[in-house]
S.K.: 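What follows is a single structure, and I will ask about it in a moment.
Keep in mind that this is a model prediction, so the values were computed, not measured.
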Amino acid sequence: MPDSHGSALSLRAAGASLVLDAAGRVPRILHWGSDLGPLDEAALEGLRATAGPAVLNNSPDVARVFSLWPTELEGWAGTPAQEGHAAGSATTPRPETVAVRHRTDGTPDAPAGGRIEVELADTVTGLRSTVSLALDPFGVLAADVSVVRDTTLLGAADGVGATAPYALDALRILLPLPDRATDVLDFSGKWCRERAPQRGALLYGSHVRRSRRGKPGHDSPFLVVAGTDDLGFGRGEAWAAHLAWSGDVEYVVEKLPESPGPFAAVLGAGEGLRPGEILLADGERYDAPTALFVWSGAGLDGVADRLHRRLRARATHPSSPRPLTLNSWEAVYFDHDVERLSALVERGARVGVERFVLDDGWFHGRRDANAGLGDWVVDRAVWRDGLAPLVDRVRSHGMQFGIWFEPEMINLDSDLARRHPDWVLGPSRGLGATARNQYVLDLTRPEAYALVLDRISAIVDEYAVDYIKWDHNRDLSEAVSGRSGTDRPAVHAQTLALYRMLDTLRERHPGLEIETCSGGGGRVDLGILDRTDRVWASDCNDPVERLQIERWTRMLVPPELIGSHLGAERSHTTSRRTDLSFRLVVALTAHAGIEWDLQEADDDDLERIARWGAAYRELRGLIHSGRIVNADLSDTTAALTGIVAHDGSRALFTWARLATSEPGQSGRVRFPGLDDGARYRVRVRDDFGLASRHEAADPSWVTAALAADGIVLPSAVLGVAGVPLPTLNPQQAMLFDLERVA
């Protein structure tokens with residue numbers, strides 16, 4: 001990585017580019033967005049020459065600069081990159097560039113990204129900092145920042161500021177946005193309604209989203225997107241940010257009248273640090289979570305495609321077929337009985353289940369949600385012979401065996417809490433209210449960490465566990481630790497302890513898979529996904545809710561990492577009743593599973609579920625590797641979502657209706673993402689039941705597609721002109737299977 005300080009630097013990949021001017025006191029971004037192509041020195045200098053904004057009236061007497069580390073010194077009055085102090089001083093950071101290193105990957109004709117690394121030193125705060133900007137081959141920009149306290153940068157005149165630790169209150173990465181980014185899209189939600197989109201105009205001021213739950217939360221912003229006014233799934237430009245972190249988070253989209261340099265607004269992200277949480281003594285270091293930034297000229301689906309390609313390229317990404325999973329929770333709840341569970345295993349084998357997961361209720365004292373958390377030993381009062389009889393039954397059918405843990409939590413009614421009440425995370429003056437009758441276990445305590453890790457390992461070893469469902473059912477309220485004799489904020493340290501435990505378990509038990517669950521979808525981020533193999537997107541198995549939850553979860557997470565389960569006719573979480581065919585279609589296009597007492601199913605239902613299981617095994621190669629596409633529809637009560645093979649050879653589309661709509665029929669709807677000039681054989685998959693219609697007859701081409709041979713149509717008709725689709729009744733869905741023909 002050779003030094004190239006003092007020039008304009010460029011990174012390019014997959015149609016995106018980043019251009020940085022490293023000539024100033026602190027580098028500044030000249031361009032982030034569409035690939036500008038191979039730039040010669042004259043073009044780079046031209047970008048730099050046109051980067052200076054006007055000097056405004058009633059403003060600083062020099063042009064404002066928006067640098068990679070924006071500060072008030074540069075005239076920036078918005079959210080700064082850094083906040084903190086040393087005993088009340090050193091509040092005006094003035095970092096300066098020490099070195100810049102630049103590496104490009106690929107060739108000018110086939111650029112594959114690269115890295116720009118900037119080292120800074122600050123004689124005001126006594127911090128040495130490193131900013132790394134890495135553009136991967138898929139066009140995703142990863143920004144990493146670290147700071148180290150170095151009091152040798154300070155002079156004797158700095159007094160107490162030279163000896164006091166530096167309290168780091170915020171460290172953010174902020175990137176500029178052009179004026180055509182006029183809209184903001186992010187997400188909110190609640191338990192069983194995660195990742196609900198919200199969109200509005202990018203107004204003047206600060207659009208700030210924070211989570212102070214000790215985890216991203218069910219209302220997590222998840223992904224913050226600035227976009228053009230025409231932004232849709234397949235159209236418009238988008239600039240998106242995601243913080244790969246499982247603790248407190250902060251996102252900001254900000255627009256000031258004077259603008260950030262020659263741009264219009266900024267987009268940023270950083271860890272949400274609590275007061276006094278990061279105190280840096282001389283030589284101590286803080287590494288910020290990785291912030292990912294994505295530009296797309298192909299709408300929201302383009303953002304998702306870049307992120308999915310990045311995840312799928314990881315060495316740790318699951319490569320084996322994702323097994324059809326049966327989870328016991330909504331089948332038996334806490335009523336653990338070996339005979340009843342064994343009968344459930346038998347029913348699962350009948351429909352093609354490949355992994356059986358024993359959920360909450362198997363450990364000491366756990367007969368309801370009020371006791372037992374922390375006591376990770378098999379309850380011999382219920383399991384007289386341990387779990388072996390059930391595990392043997394599972395393995396006799398060739399299934400994998402999985403088990404539920406909630407390792408970060410503790411009930412006061414547990415042997416662990418009675419022995420070690422000081423291991424509960426909370427203020428020394430007394431604990432606040434329980435949530436779900438539980439508290440958080442302080443994993444920053446080495447002895448608590450070691451006990452939980454060893455108990456989990458013992459269970460995994462004894463029963464050769466293939467899979468852990470790792471739950472986390474409450475927020476971290478008043479998350480302070482008395483470990484050091486003071487009530488020090490501990491969300492950051494608790495999150496790192498979680499990461500360390502997950503990493504250690506995977507090292508001890510190669511091949512062990514872990515699902516991240518947090519009361520459903522309360523901890524879905526790419527920090528946790530660096531260490532796990534699946535997300536439980538929501539505790540809601542109601543397909544009406546699930547269709548929307550998973551549609552937006554796929555903005556960040558590819559289908560093979562999203563658990564999606566067939567639930568009972570009457571939803572456990574909403575009490576809504578839905579047809580079996582609708583539930584089966586919705587649960588098919590992710591990592592499919594079952595969360596239902598199959599003993600309630602009659603022979604006809606079991607046969608349909610078995611056909612669904614066979615279809616999942618047939619199609620999962622496509623589902624778990626293809627590109628996600630969504631049709632942009634004016635009718636918000638309907639959705640057309642597809643998964644298209646990257647070579648265009650196969651596609652699977654789900655046409656769904658959630659409620660009635662004003663129009664009586666759809667009109668011509670485009671199937672996005674198909675190969676130009678190709679012809680496709682289209683078949684309607686009715687393997688597990690037909691959808692109910694609100695019409696006298698289907699469009700004629702659909703009638704042909706229902707036949708065994710289907711109908712052959714050119715992509716110009718399917719993807720450009722569009723085709724009329726059946727008018728479904730509410731809470732119905734149908735599958736279109738497309739295969740390219742010669």
S.K.: Determine the interplanar angle of the Tyr286 and His492 rings, folded into 0 to 90°, and report it as parallel if under 30°, tilted if 30 to 60°, perpendicular if over 60°.
M.R.: tilted

S.K.: Taking all heavy atoms of Thr290 and all of Ala142, pick out the closest pair and write down the distance.
M.R.: CG2-CB, 4.0 Å

S.K.: When you check the gap from the basic side-chain N to the acidic O, do Arg310 and Asp136 get nearer than 4.0 Å?
M.R.: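 Counted as a salt bridge, because a side-chain N and a carboxylate O are separated by less than 4.0 Å.
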
S.K.: Quick one: pull up CD1 in Ile623 and CD in Glu618 and give me the separation to the nearest 0.5 Å.
M.R.: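 The CD1 atom of Ile623 sits 9.0 Å away from the CD atom of Glu618.
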
S.K.: Taking atom types as modelled and ignoring hydrogens, do the side chains of Asp442 and Thr444 form a donor-acceptor contact shorter than 3.5 angstrom?
M.R.: yes

S.K.: Between Glu194 and Trp552, is there a side-chain donor-acceptor contact under 3.5 Å, judged purely by atom types and distance?
M.R.: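 No - no donor-acceptor pair under 3.5 Å links their side chains.
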
S.K.: Just checking, any donor-acceptor pair under 3.5 angstrom between side chains of Arg322 and His624?
M.R.: no

S.K.: When you measure from the centre of the six-membered ring of Tyr251, is the NZ or CZ of Arg209 closer than 6.0 Å and no more than 45° off the axis?
M.R.: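 Verdict for Tyr251: no cation-pi partner in Arg209.
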
S.K.: Could you go step by step and tell me if Glu277 and Arg488 meet the side chain to side chain contact (heavy atoms under 4.5 Å, CB included) rule?
M.R.: CA-CA 7 Å; Glu277 189 163 23; Arg488 180 85 173 269; 5.6 Å; no

S.K.: Can you tell whether the side chains of Arg620 and Glu560 come within less than 4.0 Å, N to carboxylate O?
M.R.: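 Answer for the salt bridge query: no.
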
S.K.: Looking only at the side chains, is there a donor atom on one of Asn411 and Arg366 sitting less than 3.5 Å from an acceptor on the other?
M.R.: yes

S.K.: Assess whether a salt bridge exists between Asp415 and Arg418, defined as any Lys/Arg side-chain N lying under 4.0 Å from an Asp/Glu carboxylate O.
M.R.: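 Here Asp415 pairs with Arg418 in a salt bridge, since their nearest N and O are under 4.0 Å apart.
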
S.K.: Does a side chain donor of either His509 or Ser457 reach within less than 3.5 Å of an acceptor in the other side chain?
M.R.: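 Side-chain D/A pair, His509 to Ser457: present.
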
S.K.: Got a salt bridge between Lys469 and Asp359, using NZ or NE/NH1/NH2 to carboxylate O under 4.0 Å?
M.R.: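 Salt bridge flag = yes for Asp359 with Lys469.
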
S.K.: Applying side chain to side chain donor-acceptor pair (under 3.5 Å), run through Tyr499 and Ser246 and close with a yes or a no.
M.R.: CA-CA 9 Å; Tyr499 286 174; Ser246 309; 2.7 Å; yes

S.K.: Begin with the C-alpha distance, continue with both residues' side-chain angles, and end with the deciding distance and a verdict on side chain to side chain donor-acceptor pair (under 3.5 Å) for Glu408 and Trp470.
M.R.: CA-CA 9 Å; Glu408 300 154 83; Trp470 188 291; 2.8 Å; yes

S.K.: For the residue pair Phe401 and Phe356, does the interplanar ring angle fall in the parallel (under 30°), tilted (30 to 60°) or perpendicular (over 60°) class?
M.R.: parallel

S.K.: Please tell me whether Thr325 and Glu354 have a donor and an acceptor in their side chains that are separated by less than 3.5 angstrom.
M.R.: no

S.K.: Does a side chain donor of either Ser211 or Asp248 reach within less than 3.5 Å of an acceptor in the other side chain?
M.R.: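 No - no donor-acceptor pair under 3.5 Å links their side chains.
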
S.K.: Quick test of your reading of the model: are Glu250 and Arg210 salt-bridged, counting only N-O distances below 4.0 Å?
M.R.: yes

S.K.: Parallel under 30°, tilted from 30 to 60°, perpendicular over 60°: which one fits the rings of His336 and Trp383?
M.R.: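 If you compare the ring of His336 with that of Trp383, the planes turn out perpendicular.
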
S.K.: Parallel, tilted or perpendicular, judged at 30° and 60°: which one describes the rings of His565 and Trp536?
M.R.: tilted

S.K.: Let's go through Asp597 and Leu344 carefully: what are the C-alpha distance in whole Å and the side-chain angles of both, what is the deciding distance for side chain to side chain contact (heavy atoms under 4.5 Å, CB included) to 0.1 Å, and is it a yes or a no?
M.R.: CA-CA 7 Å; Asp597 186 356; Leu344 185 63; 4.0 Å; yes

S.K.: What distance do Arg546 atom CZ and Ile562 atom CD1 have between them, rounded to the nearest 0.5 Å?
M.R.: 8.5 Å

S.K.: Give a yes or no on whether the ring-centroid distance for Trp362 and Phe405 is below 6.0 angstrom.
M.R.: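 Judged by ring-centre distance (under 6.0 Å), Trp362 and Phe405 do meet the cut-off.
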
S.K.: So does Asp305 pair up with Arg554, basic N to acidic O under 4.0 Å?
M.R.: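 Salt bridge absent between Asp305 and Arg554.
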
S.K.: Return yes if a side-chain donor-acceptor contact under 3.5 Å exists between Asn473 and Gln438, otherwise no.
M.R.: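 Result is no, nothing qualifies.
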
S.K.: Under a 3.5 Å cutoff, is there a donor and acceptor pairing between the side chains of Glu119 and Thr130?
M.R.: no

S.K.: Would you check, one step at a time, whether the test side chain to side chain donor-acceptor pair (under 3.5 Å) holds for Glu515 with Tyr467?
M.R.: CA-CA 8 Å; Glu515 174 184 75; Tyr467 174 88; 3.1 Å; yes

S.K.: State whether Asp422 and Arg445 are salt-bridged, where the test is any N-O pair (Lys NZ or Arg NE/NH1/NH2 against Asp/Glu carboxylate O) under 4.0 Å.
M.R.: yes

S.K.: Using side chain to side chain donor-acceptor pair (under 3.5 Å), reason through Ser132 and Arg115 one step at a time and then give a plain yes or no.
M.R.: CA-CA 7 Å; Ser132 174; Arg115 180 185 300 271; 2.5 Å; yes

S.K.: Between Arg306 (side chain only) and Val303 (backbone N and O only), is there a donor and an acceptor less than 3.5 Å apart?
M.R.: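 It does not hold such a pair.
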
S.K.: Take the angle between the ring planes of His420 and Trp423 and call it parallel below 30°, perpendicular above 60°, tilted in between.
M.R.: parallel

S.K.: Are side-chain N/O atoms of Asp539 and Trp191 paired as donor and acceptor at under 3.5 Å?
M.R.: yes

